[in-house]
Number of protein chains: 2
Amino acid sequence: MSIYCIMGVMNPLQTLDPAVDASCCVPSAKPALSAEEAQQKALVFKALADPNRLRLLSIVKGEEAGESCVCDLTGPLDLGQPTVSHHLKILVEAGILHREKRGTWAYYSLVPGALDDVAGILSAL
Amino acid sequence: MSIYCIMGVMNPLQTLDPAVDASCCVPSAKPALSAEEAQQKALVFKALADPNRLRLLSIVKGEEAGESCVCDLTGPLDLGQPTVSHHLKILVEAGILHREKRGTWAYYSLVPGALDDVAGILSAL
DNA sequence: GCAGTAGATTGACATCCGTCGATATAGCCC
DNA sequence: GGGCTATATCGACGGATGTCAATCTACTGC
């Protein structure tokens, strides 16, 4: 935790407090996953576990400029603007998307390496 | 689909019916993700979006024999046997775990390459 | 067959989550 | 300032999801 809570947002993609890993010195075969680690990692997958959020990611990723504003995202999905905003918030809180407000518009872009980090979680299970 | 439905189980990790991809011949920049594709891919992440299921995977993966029986899984988690059975079923239906019954016991093992396939979904978003 | 055991299934319940309409906030332009 | 637009937040509602106790199924061994 520590500094990652300053923004009032807990970012699941940040590495866990090393203290929980203090059961080190084990050959590496057994630690399994503590309840806390599991809950933390599950947050990222929860963010990915919705069809509409996957589509949002797909659209943002496919955008040549690397970013999309909300107005470009409400169209393709059959969802209202508040719902899209809600999904985007979840993706931002999961550390997958980055939000930048310029003037009246909000632009969303993929956090570099975020999806790779998720893949890393899988291989490190 | 085809043979994968013989068991009465739809395996989300199998590639989608190519028909949905028939909007080919697009340079490759735009297809985004159709609603059907998104729903299909979300199933796998739904299966991973629970702390206890992540712990189950972690335990099975860490087992030297490559498989665990249910009795080895109910202990570490603070869950009743029916609940563990329920979670295991979800992981099997997602194509991540394989179930083999030998005698009275049921052994669960990772489907080879399943987690890599999930990583592939991410990079192909 | 009978008792015992491992595991799956069912049904109920509480909680979580996706969605919407309504409203609030914030920036632009006249 | 006042109207306008883009986006976020709130409150409510219905459906999905995790959990458990109780029950069922299938195998083992006597």
Side-chain angles (χ1 to χ4, degrees), chain A residues 7-10 12 35 38-39 41-57 59-60 67-94 96-109, chain B residues 7-10 12 33 35 38-57 59-60 67-94 96-109:
Chain A
M7 312 299 289
V9 173
M10 180 64 161
Q39 185 143 21
K41 296 182 196 301
L43 286 182
V44 191
F45 293 110
K46 272 187 213 293
L48 294 169
D50 180 272
N52 288 315
R53 288 198 287 271
L54 288 181
R55 296 185 76 187
L56 285 172
L57 285 180
I59 294 172
V60 171
E67 58 181 16
S68 318
C69 74
V70 179
C71 53
D72 293 334
L73 298 170
T74 41
L77 280 61
D78 272 356
L79 295 177
Q81 172 266 323
T83 305
V84 172
S85 197
H86 167 70
H87 285 312
L88 289 169
K89 184 179 183 181
I90 289 177
L91 289 169
V92 168
E93 286 176 350
I96 300 171
L97 282 187
H98 171 250
R99 175 180 183 268
E100 185 185 351
K101 187 146 191 185
R102 292 203 297 273
T104 315
W105 289 272
Y107 293 88
Y108 288 86
S109 56
Chain B
M7 313 299 288
V9 172
M10 180 61 162
L33 214 54
Q39 186 145 20
Q40 183 79 2
K41 297 182 196 300
L43 285 182
V44 191
F45 293 110
K46 272 188 212 289
L48 294 169
D50 179 273
N52 288 316
R53 287 199 286 271
L54 287 182
R55 297 184 77 188
L56 286 172
L57 284 181
I59 295 172
V60 171
E67 58 181 15
S68 317
C69 75
V70 177
C71 53
D72 293 333
L73 298 170
T74 41
L77 280 62
D78 272 357
L79 295 176
Q81 173 267 321
T83 304
V84 171
S85 197
H86 168 69
H87 285 311
L88 289 169
K89 185 179 183 181
I90 289 177
L91 289 169
V92 168
E93 287 176 349
I96 301 172
L97 282 188
H98 172 249
R99 175 179 184 269
E100 185 184 350
K101 187 147 192 184
R102 291 204 297 272
T104 313
W105 290 273
Y107 293 89
Y108 287 87
S109 56

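Chain identifiers are assigned alphabetically (A, B, ...) following the order of the sequence lines, protein sequences preceding nucleic acid strands; residue numbering begins at 1 within each chain.
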Please report, rounded to the nearest Å, how far the [atom2] atom of [N] is from the [atom1] atom of [X].
X      : N      : atom1 : atom2 : answer
A/R55  : C/dG18 : CZ    : P     : 16 Å
A/K89  : C/dG18 : NZ    : C1'   : 15 Å
B/D50  : C/dC17 : CG    : P     : 11 Å
B/D72  : C/dT5  : CG    : P     : 18 Å
A/W105 : C/dA26 : CH2   : C1'   : 13 Å
B/E100 : C/dG7  : CD    : P     : 13 Å
A/D78  : C/dG18 : CG    : P     : 17 Å

On a heavy-atom basis, which atom in [X] and which in [Y] lie closest, and how many Å separate them?
X     : Y      : result
B/A38 : A/R55  : CB-CG, 3.4 Å
A/C69 : A/W105 : SG-CD1, 4.1 Å
A/A94 : A/A47  : CB-CB, 3.5 Å

Kindly compute the distance separating OH (B/Y108) from NE2 (B/H98), expressed to the nearest 0.5 Å.
10.5 Å
Set of side-chain contact (heavy atoms from CB on, under 4.5 Å) partners for B/D50, sequence neighbours left out
B/N52, B/R53, B/H87
Identify the 5'-most and 3'-most nucleotides of DNA chain D with at least one atom closer than 4.0 Å to a non-hydrogen atom of chain A.
D/dT5 to D/dT9
Given B/L33, which of A/I59, A/L54, A/L56, A/L57 fulfils the side-chain contact (heavy atoms from CB on, under 4.5 Å) condition?
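Passing option: A/L54.
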For DNA chain C, which residues in residues 79-87 of chain A have a heavy atom at a distance below 4.0 Å?
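Heavy-atom cutoff 4.0 Å gives A/L79, A/G80, A/P82, A/T83, A/H86, A/H87.
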Taking for each residue the nucleotide of DNA chain C with the nearest heavy atom, is it B/Y107 or A/K101 whose nucleotide lies nearer the 5' end?
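Its nearest nucleotide being more 5', the pick is B/Y107.
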Taking the nucleotide of DNA chain C with the closest heavy atom to each, which residue, B/C69 or A/K46, is nearer the 5' end?
B/C69
Can you tell me if the side-chain N/O atoms of A/R53 get under 4.0 Å from OP1 or OP2 in C/dG18?
yes
Is the phosphate of C/dA8 approached by B/Y108 (side-chain N or O, under 4.0 Å from OP1 or OP2)?
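The answer is yes; a side-chain N or O of B/Y108 sits under 4.0 Å from OP1 or OP2.
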Categorize A/R102 for me: base, sugar-phosphate, or nothing, with a 4.0 angstrom heavy-atom threshold over every strand shown.
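Nothing, no nucleic acid heavy atom in range.
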Under a 3.5 Å distance rule, please check whether A/K101 uses its side chain to pair with a backbone N or O of A/A106 as donor and acceptor.
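Checked: no pair found.
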Could you go through the side chain to side chain contact (heavy atoms under 4.5 Å, CB included) check for A/L48 and A/I96 one step at a time?
CA-CA 9 Å; A/L48 294 169; A/I96 300 171; 3.9 Å; yes
Given A/L77 and A/T83, is the side chain to side chain contact (heavy atoms under 4.5 Å, CB included) satisfied, shown in steps?
CA-CA 10 Å; A/L77 280 61; A/T83 305; over 6 Å; no
